[in-house]
Amino acid sequence: MDYLKIIAQKNVQIKELEKVAQRVDELTKLLADAMFRISQLESQLKQNSRNSSKPPSTDGPKKKPGLPPKGGKRGGQSGHKGDTIKMSSHVDDLQLCAPKRCGCGKRLLRQDMEIHARRQVFDIPDPKLLVTEYQQLSCSCPACGQLNVM
């Protein structure tokens, strides 16, 4: 009789193990389905107007390519002492850029002008260096008092 009890217990254990194995198979299939769905959703997230037929308006806001980040690295390599060309006292050609009319329409030909800004352009033709200085002149309108700069 002890053998019969042992065999009955073993049969119960086998049935329980079969139920557990069946449940493991169900969960394995459920997990495979979930993993397939996750991969589908992830591939949809990676789509944009460049790699699918979606319109560009669905891409959302993004930075324009080629613009340097604000406050980021600027200029030459770190540790390099930069140089710039200084303003020259010898100018080969002087171009005056004076305003001719005010925004109100008044002519500014005989007004006292003063230098508002200066910049120089250094050109290297063969074989001589030509320096052109541009002096930007400004004056006040006698009619309305507005500062005029060309």
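Computed over heavy atoms, backbone and side chain alike; hydrogens, waters and symmetry mates excluded. Keep in mind that what you see is a predicted model, and the values were worked out from it rather than measured.
- Here the OG1 atom belonging to T132 is positioned 9.5 Å from the CZ atom belonging to F122, to the nearest 0.5 angstrom.
- Note: Q44 CD to S52 OG = 10.0 Å, rounded to the nearest 0.5 Å.
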Which atom pairs, donor and acceptor, lie under 3.5 Å between side-chain atoms of residues 91-104 and protein residues at least two apart or in another chain?
from	atom 1	to	atom 2	distance (Å)
D92	OD1	H90	NE2	3.0
D92	OD2	V131	N	2.8
D93	OD1	Q95	NE2	3.4
D93	OD2	Q95	NE2	2.9
R101	NH1	G105	O	2.9

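- Between the side chains of E42 and Q40, no donor N or O sits under 3.5 Å from an acceptor N or O.
- Side-chain contact check for Q111 versus P142: some heavy-atom pair is nearer than 4.5 Å.
- Closest of all the heavy-atom pairs between S88 and E133 is O-OE1, 4.4 Å.
- Atom NZ of K54 is surrounded by more than 12 heavy atoms from other residues, nucleotides or ligands within 6.0 Å.
- Of the inter-residue distances, the one linking Q146 atom CD with S140 atom OG reads 9.5 Å to the nearest 0.5 angstrom.
- Shortest non-hydrogen contact noted between I115 and Q135 is CD1-OE1, 3.5 Å.
- Take R119 and apply the salt bridge (charged side-chain N to carboxylate O under 4.0 Å, His left out) test, not counting sequence neighbours, and it matches no residue.
- Side-chain contact between N11 and I7: present, with at least one pair of heavy atoms (C-beta onward) separated by less than 4.5 Å.
- For F36, the CZ atom sits in a loose shell: 12 or fewer heavy atoms of surrounding residues, nucleotides or ligands are nearer than 6.0 Å.
- Separation of atoms OG (S53) and CD (Q47) is listed at 7.5 Å; rounding is to 0.5 Å.
- C139 pairs with exactly one of L108, D112, V149 by the side-chain contact (heavy atoms from CB on, under 4.5 Å) rule, that one being L108.
- Atoms CD and CD1, from Q9 and I14 in turn, are 12.0 Å apart once rounded to the nearest 0.5 Å.
- Here the CD-OH distance, from Q120 to Y134, works out to 11.0 Å after rounding to the nearest 0.5 Å.
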Atom pairs and distances, donor-acceptor, side-chain atoms in residues 17-34, under 3.5 Å, two or more places apart:
from	atom 1	to	atom 2	distance (Å)
R23	NH1	E26	OE1	3.1
T28	OG1	V24	O	2.7

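- You'll find the side chain of N148 stays beyond 4.5 Å of the side chain of S138, heavy atoms only.
- For CE of M87, the number of neighbouring non-hydrogen atoms (other residues, nucleotides, ligands) closer than 6.0 Å is greater than 12.
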